[in-house]
Amino acid sequence: MITLLEARNIGKRFGGLQALSDVSLTIRKGEVYGLNGAGKTTFFNVLTGAYTPDGGEFVFNGSLLPTGKPHKVVGRGIARTFQNIRLFRDLTALENVMAGHHIRTKAGVWGVLLQSRFTREEERLTTERAYELLRYVGIERFADVVSKNLSYGDQRRLEIARALATEPQLLALDEPAAGMNATETGQLKQLIQQIRNDGITVMLIEHDVKLVMGLCDRVTVLDYGKQIAEGTPAEVQKNEKVIEAYLGTGGH
């Protein structure tokens with residue numbers, strides 16, 4: 001399979017805490033890749049530009065990925081959701097998704113101010129695409145509902161729709177099943193499988209072991225920012241270091 005993302009010796013320190021230590025992994029196009037353990041969210045934040053790494057580099061689609069610049073990372077084709085939902089709470093579901101798609105539009109400030117024919121057509125296509133994505137994640141009927149009034153599960157779906165609106169090649173999901181009941185989690189699993197089937201590679205942080213086992217092709221496990229295992233979910237579950245770190249001593 002073709003490599004989409006390669007992380008090379010990624011390191012990150014916060015004061016005296018070494019949050020990531022020489023983490024290296026490779027994600028192939030078309031797979032669902034899991035990342036678990038202490039340090040996983042820091043890795044996500046470094047990858048997506050929220051933090052600048054202290055060492056190492058990312059290669060995405062064959063060229064170096066900018067660090068510490070979230071808008072450039074999104075522009076290159078990596079979108080993410082957050083463990084704590086970050087929607088525009090006072091905008092409708094439709095407006096939230098449209099906001100995500102605007103990174104792919106071409107109208108500049110003058111085009112917006114003058115409302116040129118090109119700008120109006122681009123806005124029409126953006127609206128059309130937003131409706132399509134709301135339908136894709138199963139919440140089209142809530143298009144005109146202010147996002148803060150949606151159920152928790154539907155807010156999660158909306159955040160995924162907004163991320164998809166940026167037209168990513170890699171979708172990074174941070175605890176997407178957090179707070180969901182069994183029915184919602186089952187629907188989420190189907191959605192992630194559909195996203196992968198439609199050609200978008202997925203990187204998944206998730207505590208729900210059953211969901212990880214049922215979705216991920218490969219998993220990396222971190223322990224205090226150090227990589228201790230990589231392999232299929234079944235291989236990782238049997239790994240002695242993983243058992244010792246997260247099962248044998250009660251986990252952390």
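For the single chain, residues carry numbers from 1 onward in sequence order.
Checking side-chain atoms of Ser147 against main-chain N and O of Arg89 turns up a donor-acceptor pair under 3.5 Å. With hydrogens and angles disregarded, a donor-acceptor distance shorter than 3.5 Å links the side chain of Asn181 to the backbone of Glu184. Counting only distance, with no hydrogens or angles, the side chain of Gln227 and the backbone of Val23 share no donor-acceptor pair below 3.5 Å. With Glu206 contributing its side chain and Ala177 its backbone, the two residues share a donor-acceptor pair below 3.5 Å.
The side-chain heavy atoms of Leu191 and Arg156, taken from C-beta on, include no pair separated by under 4.5 Å. With a 4.5 Å cut-off on side-chain heavy atoms, Met180 and Asp208 do not count as touching. Contact check for Val32 versus Ile195: no side-chain heavy atoms found under the 4.5 Å cut-off. Residues Asp90 and Lys148 meet the side-chain proximity criterion, which asks for heavy atoms closer than 4.5 Å. Counting heavy atoms from C-beta on, the side chains of Asp154 and Val145 never come closer than 4.5 Å. Under the 4.5 Å side-chain criterion, counting only non-hydrogen atoms from C-beta, Ser24 is in contact with Asn9. Taking 4.5 Å as the limit, every side-chain heavy atom of Val137 sits out of range of all side-chain heavy atoms of Leu158.
Closest approach of Thr166 and Gly100 over heavy atoms only: CG2-O, 3.3 Å. Residue Asn36 comes nearest to Leu204 through the heavy atom pair OD1-O, 4.5 Å, listed as atom of the first residue, atom of the second, then distance. Across every non-hydrogen atom of Thr81 and Ala163, the tightest pair is CG2-CB, 4.3 Å. Listed here is the closest heavy atom pair of Leu47 and Val73: O-CG1, 3.8 Å. Heavy-atom minimum distance, Ala50 versus Pro70: N-CG, 4.1 Å. In terms of heavy atoms, Thr201 sits closest to Gly30 at OG1-N, 2.8 Å.
Residue Arg13 qualifies as enclosed at atom CZ: its count of foreign heavy atoms under 6.0 Å is above 12. Within 6.0 Å of atom CD1 in Ile2, 12 or fewer heavy atoms from other residues, nucleotides or ligands are found, so the atom counts as exposed in its surroundings.
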Problem - Pair Ile10-Leu25, side chain to side chain contact (heavy atoms under 4.5 Å, CB included): steps then yes or no - result: CA-CA 9 Å; Ile10 301 299; Leu25 55 85; over 6 Å; no
Exercise for the section: For Thr220 and Tyr33, run side chain to side chain donor-acceptor pair (under 3.5 Å): C-alpha distance rounded to whole Å, both residues' side-chain angles, the deciding distance at 0.1 Å, then the answer. Expected result: CA-CA 8 Å; Thr220 278; Tyr33 191 98; 2.5 Å; yes
Practice task
Please assess Leu215 against Val202 for the test side chain to side chain contact (heavy atoms under 4.5 Å, CB included), listing each intermediate value before the final yes or no.
Solution key: CA-CA 10 Å; Leu215 272 176; Val202 177; over 6 Å; no
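Residues satisfying the side-chain hydrogen bond (donor to acceptor under 3.5 Å, both in side chains) criterion with Glu175, sequence neighbours excluded, are His207. Scanning for side-chain hydrogen bond (donor to acceptor under 3.5 Å, both in side chains) contacts around Asp54 gives an empty result, with sequence neighbours left out. Applying the salt bridge (Lys or Arg N to Asp or Glu O under 4.0 Å) criterion to Glu132, with sequence neighbours excluded, gives Arg129. Remark: Arg218 pairs with Glu31, Glu230 by the side-chain hydrogen bond (donor to acceptor under 3.5 Å, both in side chains) rule, at least two apart or across chains. By the side-chain hydrogen bond (donor to acceptor under 3.5 Å, both in side chains) test, Glu95 pairs with Thr92, sequence neighbours left out. Legend: residues meeting salt bridge (Lys or Arg N to Asp or Glu O under 4.0 Å) with Asp174, ordered by chain and number and at least two apart, are Arg80. With sequence neighbours left out, the salt bridge (Lys or Arg N to Asp or Glu O under 4.0 Å) criterion links Lys241 to no other residue. Applying the ring-ring contact (aromatic ring centres under 6.0 Å, His included) rule to Tyr131 yields no partners; only residues at least two apart in sequence or on another chain are considered.
Phe88 belongs to a hydrophobic cluster whose other members, connected by ILVMFWY side-chain contacts under 4.5 Å either directly or through intermediates, are Leu91. Listed by chain and number, the hydrophobic cluster partners of Met213 are Val209, where partners are ILVMFWY side chains within reach of under 4.5 Å, directly or through others.
Pairs of residues two or more places apart, or lying in two chains, never qualify as ring pair (Phe, Tyr, Trp, His ring centres under 6.0 Å) while including a residue from residues 133-188.
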Kindly list each side-chain donor-acceptor pair under 3.5 angstrom involving residues 55-63, sequence neighbours excluded, with atom names and distances?
{"unit_1": "Glu57", "atom_1": "OE2", "unit_2": "Arg8", "atom_2": "NH1", "d": "2.8"}
{"unit_1": "Asn61", "atom_1": "ND2", "unit_2": "Gln169", "atom_2": "OE1", "d": "2.7"}
{"unit_1": "Ser63", "atom_1": "OG", "unit_2": "Arg76", "atom_2": "NH2", "d": "2.8"}

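Taking CG of Leu134 as the reference point, atom CZ of Arg162 lies at 12.0 Å (rounded to 0.5 Å). The structure places OG1 of Thr26 at 8.0 Å from CG of Leu5, a figure rounded to the nearest 0.5 Å. Note that OG1 of Thr67 and NZ of Lys12 are 9.5 Å apart. Values are rounded to the nearest 0.5 Å. Going from atom CZ of Arg157 over to atom CG of Leu164 covers 11.5 Å, rounded to the nearest 0.5 Å. We find the CG-CZ distance between Asn96 and Arg86 to be 14.0 Å, quoted to the nearest 0.5 Å. Distance check, rounded to the nearest 0.5 Å: OG1 of Thr3 to NZ of Lys29 gives 9.5 Å.
By the criterion of side-chain heavy atoms lying less than 4.5 angstrom apart, applied directly or through intervening Ile, Leu, Val, Met, Phe, Trp or Tyr residues, Leu87 is grouped together with Leu171 in one hydrophobic cluster. Both Leu222 and Phe14 are part of a single hydrophobic cluster, where members link through side-chain heavy atoms under 4.5 Å apart. When hydrophobic clusters are built by joining Ile, Leu, Val, Met, Phe, Trp and Tyr residues whose side-chain heavy atoms come closer than 4.5 Å, directly or via intermediates, Leu35 is grouped together with Leu4. By the criterion of side-chain heavy atoms lying less than 4.5 angstrom apart, applied directly or through intervening Ile, Leu, Val, Met, Phe, Trp or Tyr residues, Leu170 is grouped together with Phe44 in one hydrophobic cluster.
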